[in-house]
Amino acid sequence: MRTVRVGIAEAGVVTNPDSITTLGLGSCVGVTLYDDKRKIGGMVHVMLPSTELARGKDFNRSKFADSGVPDLVERMIRFGADRRRLVAKLAGGAQMFNVGGPGDSILKIGSRNTEACKRALASLDIPVISEDTGGSWGRTIVLFSDSGILEVRTIGRSKTQI
Amino acid sequence: MSDSIGRMDELRLDVLREISNIGAGNAATSLSSLLGKAVGMSVSKVLPMPFNEIIEHVGGAERMILTVFVRIEGGISGNMLFAVDISDARALVRHMTGASEEEGFSEMGISVLNEVGNIVIGSYITAMSDFLGFELHPSVPSLAMDMAGAILAFCLSETGRSGDTALLIEGALSLDGGPISKEGASRLFLLPDPDSYNKMFTALGVPADANG
């Protein structure tokens with residue numbers, strides 16, 4: 001069994017029995033998709049909510065919710081997943097710092113990322129079946145392709161499975 | 001990718017290194033008078049690096065670090081981060097309060113560390129502001145002790161709008177005045193927003209970067 005590691009603004013797909021992980025999600029959101037019948041799991045590490053924020057036309061599509069999420073769906077379909085069976089789990093979208101005042105809209109990037117990922121999933125009719133988002137702490141996540149379980153690890157809190 | 005940041009030439013990298021030396025130098029002086037002892041400083045580094053390499057450079061995504069964050073607005077905008085190892089953080093608290101913190105940090109310890117970060121970053125910004133001739137408005141400082149990946153990726157989100165590479169402008173301080181090791185250093189990171197680079201160059205009489 002292999003564990004594929006996804007970095008910031010990257011995406012990946014694994015099949016049974018492999019798992020896929022991303023480390024240290026803060027304001028970024030880890031979106032995972034799973035096809036229970038084919039046991040195919042996908043993950044994208046979203047950094048920003050919308051491609052409208054991109055400067056220039058030539059950008060990394062995995063970085064943005066509105067391009068990274070649909071691209072991941074297409075990639076999973078190429079791996080043999082059925083779009084109608086895909087379910088999503090989300091983790092991350094934290095607000096790491098709290099300063100108030102003028103910097104505040106930048107600090108709320110975590111919740112904006114979470115909302116944008118949900119919007120992208122809703123427009124593709126993919127249900128979000130569980131999430132561990134918000135708060136002010138970092139998260140490491142692992143998606144197991146044999147079960148679809150998403151494990152969430154933090155510093156100083158107990159490990160959870162969603 | 002429109003990564004002009006990753007293609008910046010030597011002259012401009014030197015300018016940024018000088019800004020960091022001036023800022024970190026002033027920060028070291030303030031910290032030294034606060035602690036009442038010598039604080040060492042190394043020559044700053046300016047490293048164009050992809051985001052994922054930056055995280056590795058700081059010790060890996062899951063490594064726990066203690067950071068104080070300040071958002072800068074004004075003549076230029078960007079983020080500043082004072083990042084210390086947990087062992088350095090404990091040493092700081094012990095030195096300032098005389099109390100040893102074993103598990104986690106007390107409210108007092110956190111408040112001391114927040115204030116140290118505030119002073120260090122404030123001195124850096126003051127020196128940078130004088131050097132550039134810009135008025136800079138720092139936010140209230142905010143402290144987080146968490147995974148390096150979670151903290152750094154957040155600080156890079158504004159830079160993420162223009163590419164997948166950032167310039168890590170890094171000044172290192174050694175709190176015990178000793179040599180600076182890669183692992184043990186307390187570091188000051190300046191992460192300007194992408195459109196602030198040319199403002200900094202122009203202010204210092206260096207032509208704006210055509211790629212920027």
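Note: hydrogens, waters and symmetry copies are ignored here, and every other heavy atom, side chains too, is used.
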J.: Listed by chain and number, what are the side chain to side chain donor-acceptor pair (under 3.5 Å) partners of A/D125, not counting sequence neighbours?
T.: none
J.: Counting distance only, does the side-chain N/O of B/N118 pair as donor-acceptor with the main-chain N or O of B/P141 below 3.5 Å?
T.: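 A pair under 3.5 Å: no.
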J.: In Å, rounded to the nearest 0.5 Å, how long is the span from CG of B/L34 to NE2 of B/H95?
T.: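 Rounded to the nearest 0.5 Å, the CG-NE2 separation comes out at 8.0 Å.
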J.: Ignoring hydrogens and geometry, is there a side-chain-to-backbone donor-acceptor pair from A/R112 to A/L48 under 3.5 Å?
T.: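 Not a single qualifying donor-acceptor pair exists.
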J.: So what's closer than 4.5 Å to chain A heavy atoms on B/S77: side chain, backbone, both or neither?
T.: neither
J.: Write out all pairs satisfying side chain to side chain donor-acceptor pair (under 3.5 Å) with one or both partners inside residues 31-44 of chain A, taking only residues at least two apart or from two chains.
T.: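 Qualifying pairs, neighbours excluded: A/D35-A/R85.
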J.: Does the side chain of B/N21 pick up a donor-acceptor pair with the side chain of B/S44 at under 3.5 Å?
T.: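 Yes, side-chain donor-acceptor contact under 3.5 Å.
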J.: Non-hydrogen atoms of chain A under 4.5 Å away: do they reach the side chain of B/E62, the backbone, both or neither?
T.: both
J.: So does B/R63 pair up with B/D85, basic N to acidic O under 4.0 Å?
T.: yes
J.: If you tally heavy-atom pairs under 4.5 Å against chain A, which of B/M147, B/H137, B/M145, B/M64 wins?
T.: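 Looking at each of B/M147, B/H137, B/M145, B/M64 in turn, B/M147 comes out on top.
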J.: Spell out, as yes or no, whether a donor-acceptor pair under 3.5 Å connects the side chain of A/S130 to the backbone of A/K89.
T.: no
J.: Any side-chain heavy atom of B/F154 within less than 4.5 Å of one from B/F69?
T.: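 SC-SC contact between B/F154 and B/F69 confirmed.
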J.: Given heavy-atom pairs under 4.5 angstrom as the criterion, report whether the side chain, backbone, both or neither of B/I54 touches chain A.
T.: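 The answer is neither part of B/I54.
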J.: Sort by residue number and list every member of residues 9-18 of chain A having a non-hydrogen atom under 4.5 Å from chain B.
T.: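 Within residues 9-18 of chain A, the residues under 4.5 Å from chain B are A/E10.
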J.: Which atoms form the tightest heavy-atom contact between B/L191 and B/L167, and what is the distance?
T.: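 Answer, listing the atom of B/L191 first, then B/L167: CD2-O, 3.8 Å.
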J.: Starting at CG of B/L16, measure out to CG of B/L11 and round the result to the nearest 0.5 Å.
T.: 9.5 Å
J.: Heavy-atom cut-off 4.5 Å, strictly under: side chain, backbone, both or neither for B/I55 against chain A?
T.: side chain
J.: In the structure I gave you, are the side-chain heavy atoms of A/C117 and A/V128 within less than 4.5 Å of one another anywhere?
T.: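 No, every pair of side-chain atoms sits at 4.5 Å or beyond.
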J.: Taking only heavy atoms into account, what residues of residues 135-158 of chain A are found under 4.5 Å from chain B?
T.: A/S136, A/W137, A/G138, A/R139, A/T140, A/R153, A/T154, A/I155
